[in-house]
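Notes to accompany the following structure.
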Amino acid sequence: MSFELVVGMEVHAQLKTGSKLFCACGTAFASSPNIETCPVCLGYPGVLPVLNRRAVELLCKTALALNCQINKTSVFARKNYFYPDLPKGYQISQYELPLAENGWLYVESGPGKSKKIRIRRIHLEEDTGKLLHESGSGSLLDLNRAGIPLMEIVTEPDIHSSDEAYSYISQLRSIFRYLDVSDGNMEEGNMRCEPNISINKKAEKTLGTKVELKNLNSFRSVVRGIEYEYKRQSNALCNGEELYQETRGWDEKKQKSFVMRRKEDAHDYRYFPEPDLPPLVLSENFVAEQAKSLPELPACRAERFKNDFGLSSYDAGELTRDREIADYFEEVIVFAQKKQKNCKLAANWILNVLLGSVKEAKISLTNYHIRPADLRELLTYLEEGKISSKIAKDIYEKMHKKKQKAGDVIKAEGIIQVSDTSQLLDLVEEVLCNHPGELQKFFSGKERVIAFFVGQVMKATKGKANPGVVNKLLRAAIEKRRPS
Amino acid sequence: MSKPSSPMNIENIHQDFNNGVLTVESLAEGVISHYEKNSHLNCFIHFDKAAILRHANKLDIQLKEYSHAGKELPPLFGIPVAIKDNLHVQSEPTTCGSHILKDFTAPFDATVVKNLKLAGALICGKTNMDEFAMGGSTENSLAGPAKNPHNTEYVAGGSSGGSAICVSSQITPVAIGTDTGGSIRQPASYTGCIGFKPSYGSVSRFGLVAFGSSLDQAGPFAGNVADLRRVFSVISKKENPCKDMTHQFDFEDLLHAQAGLKSNKITSFEGVKVAIPSNFKSEAIDKDIRENLAEVARFLESQGARVESISIPILDYALAAYYIIATAEASSNLSRYDGIRFGYRKDDDSGGLLQSYFTTRSAGFGEEVIRRILLGTFVLSSGYYDAYYNRAMLIRKEMEREFAKIYAEYPIILTPTTPGVAFKLQECIDDPLKMYLNDICTIFVNLIGCCGVSIPTGRDSVHNLPIGIQFCSKRFWDPMLLDFCQLFEKTYAKAGLIQVGAGQE
């Protein structure tokens, strides 16, 4: 029996505001537990929430970028349950009337195929504190995180593969970073993904029993978790076992999911409208301002890269994943005058060389010492044929490790590539004369011997010869010697 | 330096300060000695003599500076104000009458208290109240029951019983209470002083320990309307930056808004339309009180007002709607009392987290509070939300619409404050519904967020206990309501503070 996988994704992202959602406590990383707290976020008697305007702006921007309709009037609600990391005994969230609804995002659903994932709603809510469970001696409570603004984004159950899920969360993350609304980092906890997973017999209309999966701390875990659940649920149904609507946790070590909570034990949240906050009313002006401030979004930028610069979908996608990288790329090619092969060259160098060395240096692209102008300088030499790509790589190493500039290295070491045919012709003749055996091999069909000849010329020029030119000259010279 | 002139009101006290015949210290000493003589009334949970005198001395230094410079005194300078124990006074205990907060110290000043301090007030103690403001008798308190100064076998009313007692027995000239379903107006009526619940959203709730968030408002008790008005203008001031998003207007804003209205200034009763809901003319109201009300109505008519009886059917649902909404909000507001970050914790970790919650909360909360939390949880729970909470909210919306129409025609609504006079201690303690029924006249005011004042208008014939009547006006028409009450107090002989009988200072 084969089943169809149905996934709806819930993503919580911490918003990059200076202060918490309902009080003036800071949101930056705190060095000790419980220092970014005040009576409001501690839930002391007599306190009241005051809404953070910036949080509303950031959520609004995100919602617009995700094509949502903004509800000009939205209502806050109390989600009631008891747990030590929830100081007031309720979380201020939004329930019946969220800030935004009915948006969408296109994801990759196979090579060259894209699919629309519908976004049901986006709303604002406050984060809880953190509990550290120490075996034996109890649990420790840190409330620095309590009250930090969260954006919750919920999709319809439109995701049908773990790849689509990956594409979805990865695009979402890109958008967050483009808009600078959230760092979108799962490992740091500022982006949390909870897939709701069920399976259907193909063509069945009703949805299967769904399972909510929590505790996933990386994009990879999300993929693995979804795949695990698909297998587990499929096996269960094949064996005639019952599936339960439950919340399961992901065990990263064991690479398995385990039951956390069954439906019967689920909380009754007793949602009701928050009486301490009037309905949030946004003016046309406010929404228009957020719309105006939107930058070119990743999907659009990738399209533009494909159309204007002739890049492949893959390259365009990779370059636009992060706004920083896309900006860097556009600066590097600014003088490329839309020469597509130069754009392709720049793309390759950035994706295959630069980003690797940035990662190795454990630094951000913005702080990396090789600036777009520096890379452009190097690539210009390459484009003009003055150096070979192998030499370019060597020069790059020096730029990376010794912080030298390309031009300086080239001048110092005199490594301008030799393309001068007269110079090379002599060498070519010399090499062919010195290796009659190999020449014979070539004539008897072993065409690959030409690589050996090229190598010999390169060796003689200490790598400075332009391999393309050498190849042409060799072939011509060989043909001249061909026995008739 | 002697006692202030009688009756003790702000104008007289300030006059005495300015004439150099009274110091803040001697006034404070008077408060202390008067309280000590009346300590059996049990109106305070917390009363720190030394701190009060220290503060009084500081104020006396300022007083010298003010008189020296010939400067006008701040509006409440040196005036003793008693504060209900659910409003934070920084560094002093806030117990809300509950064991679960018996050792809790206020981390900041409530906005109301901050405003009072800025106006130079002398904060005198935290007054006794029903636990978490849930009650109508000030019997449900960790400090024990408070007693009616007119007859100590009777309750003082609640939940702001302590504050009402302070003013009624003239321990302090003014006091602050809070009103969610009548908790200022009812005790004012039972003890024979004046109590005012301002419009919802005109006084900040920051620092007021929440019971029913959409219903709670802090407000003043006083012996006369001028003092009531002065305290309201001080406590309603807006804080910057904003700490309460439901605090929409302050007194200055309201005055300003009403300055343009033609019909807002009440200098005579001529032509003023007053409505009496016919619901409150029935046998549910004591005979003496009905007669008292009729007398007031006749007086107003004699002064040119047009007093009309109107039927308001939806009022019949007010009590039920209130007890659903208030308890729902309370069940949520009181979830934070779990013994984990502050407050009482019954140390018993043996049963795990859930058991710890059960043990602490069962031990820390009194019976009435537990009753209301359970009821509130029930009406919000899955399967019952629509039938109860949602329906109550719809009734509330309907009431707002209905009263908008009524207030469009009648600027003043007149009702008894309570269906009966004060009852005996313990009389309603085993019958919560009987206790709840005492709220029928006051509760609609909280549901629709409008303003209401209770003014004493006589005594009943059986027990000689005070009777109060209630004037209400449209939401945010507080200045106009206060004008009306001031005029009524001036012209109706029986209106005003009912002095506690002879034999007490």
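Numbered from 1 within each chain, the chains take letters A, B, ... in sequence-line order.
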Contact origin within B/Ile340 toward chain A - heavy atom pairs under 4.5 Å: side chain
Close side-chain approach of B/Pro241 and A/Val50, heavy atoms under 4.5 Å: no
Whether over 12 other heavy atoms sit under 6.0 Å from A/Phe29 CZ: no
Enumerate, by atom name, each donor-acceptor pair separated by under 3.5 Å where one atom lies in chain A and the other in chain B.
residue, atom, partner, partner atom, Å
A/Leu42, O, B/Arg341, NE, 2.6
A/Tyr44, O, B/Arg336, NH1, 2.9
A/Pro45, O, B/His88, NE2, 2.8
A/Gly46, O, B/Gly207, N, 2.6
A/Arg78, NH1, B/Ser332, OG, 3.0
A/Arg78, NH1, B/Asn333, OD1, 2.9
A/Arg78, NH2, B/Asn333, OD1, 3.2
A/Asn80, OD1, B/Ser332, OG, 2.8
A/Pro87, O, B/Arg341, NH1, 3.4
A/Pro87, O, B/Arg341, NH2, 2.7
A/Lys88, O, B/Arg336, N, 3.4
A/Tyr90, OH, B/Arg336, NH2, 3.1
A/Asp268, OD2, B/Ser382, N, 2.8
A/Asp276, OD1, B/Arg205, NH1, 3.2
A/Asp276, OD1, B/Arg205, NH2, 2.9

Residue among A/Pro275, A/Pro278, A/Pro45, A/Pro84 with most heavy-atom pairs under 4.5 Å to chain B: A/Pro45
Segment of A/Leu51 engaging chain B (4.5 angstrom heavy-atom cut-off): both
Residue part contacting chain B, namely of A/Pro39, when any heavy atom lies under 4.5 Å: side chain
Which atom of A/Val47 lies closest to which atom of B/Phe206, heavy atoms considered: CA-CE1, 4.0 Å
Most chain B-contacting option - heavy-atom pairs closer than 4.5 Å, from A/Pro87, A/Ala24, A/Gly89: A/Pro87
Partner set under side-chain contact (heavy atoms from CB on, under 4.5 Å) for B/Leu394, not counting sequence neighbours: none
